[in-house]
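Each chain gets a letter, A, B and so on, in the order its sequence line appears, and its residues count up from 1. Everything quoted here is computed from the prediction, not taken from an experiment.
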2 protein chains.
Amino acid sequence: MKLTTKGRYAVMAMADLASYANGKPISLTEISLRQNISLSYLEQLFLKLKNKNLVKSVRGSNGGYILVKSPSEIRLSNIIFAVNENVKTLSCKKDSKKGCNHKSTKCITHNLWADLEEHINGFFEKIKLEELVNKDKRF
Amino acid sequence: MKLTTKGRYAVMAMADLASYANGKPISLTEISLRQNISLSYLEQLFLKLKNKNLVKSVRGSNGGYILVKSPSEIRLSNIIFAVNENVKTLSCKKDSKKGCNHKSTKCITHNLWADLEEHINGFFEKIKLEELVNKDKRF
DNA sequence: ATAATTCCTATTAAATTAGTAGGGTTTAAA
DNA sequence: TTTAAACCCTACTAATTTAATAGGAATTAT
């Protein structure tokens, strides 16, 4: 059971953005260098973050990204969700015969995994971007 | 972020075992049929469960597996851990330059993921096998 | 004009997971 | 004493997912 990097990268990048915010747009190149995340990969992530209205972009030279809201208004769940990294504990697809089990009723552990999903999402909902950034302004 | 089936299968199988326990060993063939999990895959899981002393095996004809402890004494964390499905939220390997970031200090999100790991493991520690089984004796 | 930057999609490479295969050992029971 | 059911163990393959790369188009400050 391993959590993947996509959500982690997104949170790191947003924390970087919040941390270095100065009113002017921050370019992905900067973030890429500071956080050691591939520029192209960051671009993909920020497209999604933009679509979810967490950041806005400024195109062209000296462009970059700016947080739409203040770090105190952004929950980690917003970020994670934006990059489609919401937790999936169940593989029970609607159509598939596999998943739960072959029976029509839900398997005994079905609710367990659903609960776990809530538990994890709840963790991310409780934490705001602000809390990450305040711990240490420059990292 | 998707949780894999290994831990889920292990929990399902253990719940099945607890649910159908009657003093005599339960064969993996039975569990395989009831839970729709490949027999060979189950064998791999039960080797690990046995090594962690959660079940004992009875070889030969009419053999199978028996729970070593009562379902009230088995935490889901024991099962998950036994099949090596303990959560890994960090990819910061000791040697690797990748992971956190290239810098020597821990990245700002490092503790976050460590906390998440604890949060998830805590979830499994709180729940006992008994609780799953009692909800519904036959599934 | 030029360079820096976002924007967007497609493809490839790497890693992991899920599942299969095959043969060995043990033991109850016919 | 043969047979079949079951555990035991390792290795391999297939499938899926993730991570990363590639390549260009559009935009804009200088």
key: Given L76(B), L132(B), L49(B), the one that forms side-chain contact (heavy atoms from CB on, under 4.5 Å) with M14(B)   = L49(B)
request  = Look at all strands and tell whether S27(A) reaches a base, only sugar-phosphate, or nothing, counting heavy atoms closer than 4.0 Å.
outcome  = sugar-phosphate
inquiry  = Rounding to an integer number of Å, can you tell me how far K56(B) NZ sits from dA6(D) P?
reply    = 19 Å
ask   = Taking Y9(A) as the fixed residue, which of I37(A), L42(A), I31(A) is the one that meets the side-chain contact (heavy atoms from CB on, under 4.5 Å) rule?
value = I37(A)
ask   = What's the CD1-C1' distance between I26(B) and dA5(D), to the nearest Å?
value = 15 Å
task = Nearest whole angstrom, please: distance from the C1' of dC8(D) to the CG of L49(B).
result = 14 Å
key: d(NZ, K24(A); C1', dT5(C)) in whole Å   = 16 Å
inquiry  = Base, sugar-phosphate or nothing for F46(A)? Non-hydrogen atoms, less than 4.0 Å.
reply    = nothing
task = Taking only the side-chain nitrogens and oxygens of Y9(A), find out if one of them lies under 4.0 Å from OP1 or OP2 of dA20(D).
result = yes
ask   = Picking from dG23(D), dC7(D), dT6(C), which would you name as closest to the side chain of Y65(A)?
value = dT6(C)
key: Side-chain N,O (T29(A)) to OP1/OP2 (dA4(C)) below 4.0 Å   = no
inquiry  = I need the CZ-P distance between R8(B) and dA18(C), as an integer number of Å.
reply    = 8 Å
request  = Report yes or no: is there a donor-acceptor pair, N or O only, under 3.5 Å between the side chain of T5(B) and the base of dA18(C)?
outcome  = no
ask   = L39(B) has an atom CG; how far is it from atom C1' of dC9(D), in whole Å?
value = 14 Å
key: Separation of atom CG in L42(B) from atom P in dC9(D), rounded to whole Å   = 16 Å
key: ring-ring contact (aromatic ring centres under 6.0 Å, His included): pairs with one or both residues in residues 57-78 of chain A, sequence neighbours excluded   = F46(A)-Y65(A)
task = Search all heavy atoms of I66(B) against all heavy atoms of L17(B) and return the closest pair with its distance.
result = C-CD2, 4.5 Å
request  = Using a cut-off of strictly less than 4.0 Å, decide whether S57(A) has a side-chain nitrogen or oxygen near OP1 or OP2 of dC7(C).
outcome  = yes
message = When you measure from the side-chain N and O atoms of N62(B) to the phosphate of dA6(D), is any distance below 4.0 Å, counting only OP1 and OP2?
response = no
query = K48(B) has an atom NZ; how far is it from atom C1' of dT10(D), in whole Å?
reply = 12 Å
ask   = If you pin G63(A) and N51(A) to their nearest nucleotides in DNA chain C, which one's is more 5'?
value = G63(A)
key: Worked check of side-chain contact (heavy atoms from CB on, under 4.5 Å) between K52(B) and F81(B)   = CA-CA 9 Å; K52(B) 294 291 181 183; F81(B) 180 74; 3.8 Å; yes
inquiry  = Is there, by distance only and without an angle test, a donor paired with an acceptor across the side chain of Q44(B) and the base of dT20(C) below 3.5 Å?
reply    = yes
ask   = What pair of heavy atoms forms the shortest contact from K48(B) to K6(B), and how long is it?
value = NZ-NZ, 4.0 Å
Under-3.5 Å N/O pairs linking protein and nucleotides 24-27 of chain D:
| from | atom 1 | to | atom 2 | distance (Å) |
| --- | --- | --- | --- | --- |
| dA26(D) | N3 | R59(A) | NH2 | 3.1 |

request  = Using only side-chain N and O atoms of Y41(B), determine if any of them is under 4.0 Å from OP1 or OP2 of dA18(C).
outcome  = yes
query = For Q44(B), which residues count as a side chain to side chain donor-acceptor pair (under 3.5 Å) partner, sequence neighbours excluded?
reply = none
key: No-hydrogen, no-angle side-chain donor-acceptor test under 3.5 Å, S72(A) and S70(A)   = yes
task = State whether K50(B) places a side-chain N or O below 4.0 Å from either non-bridging phosphate oxygen (OP1 or OP2) of dC8(D).
result = yes
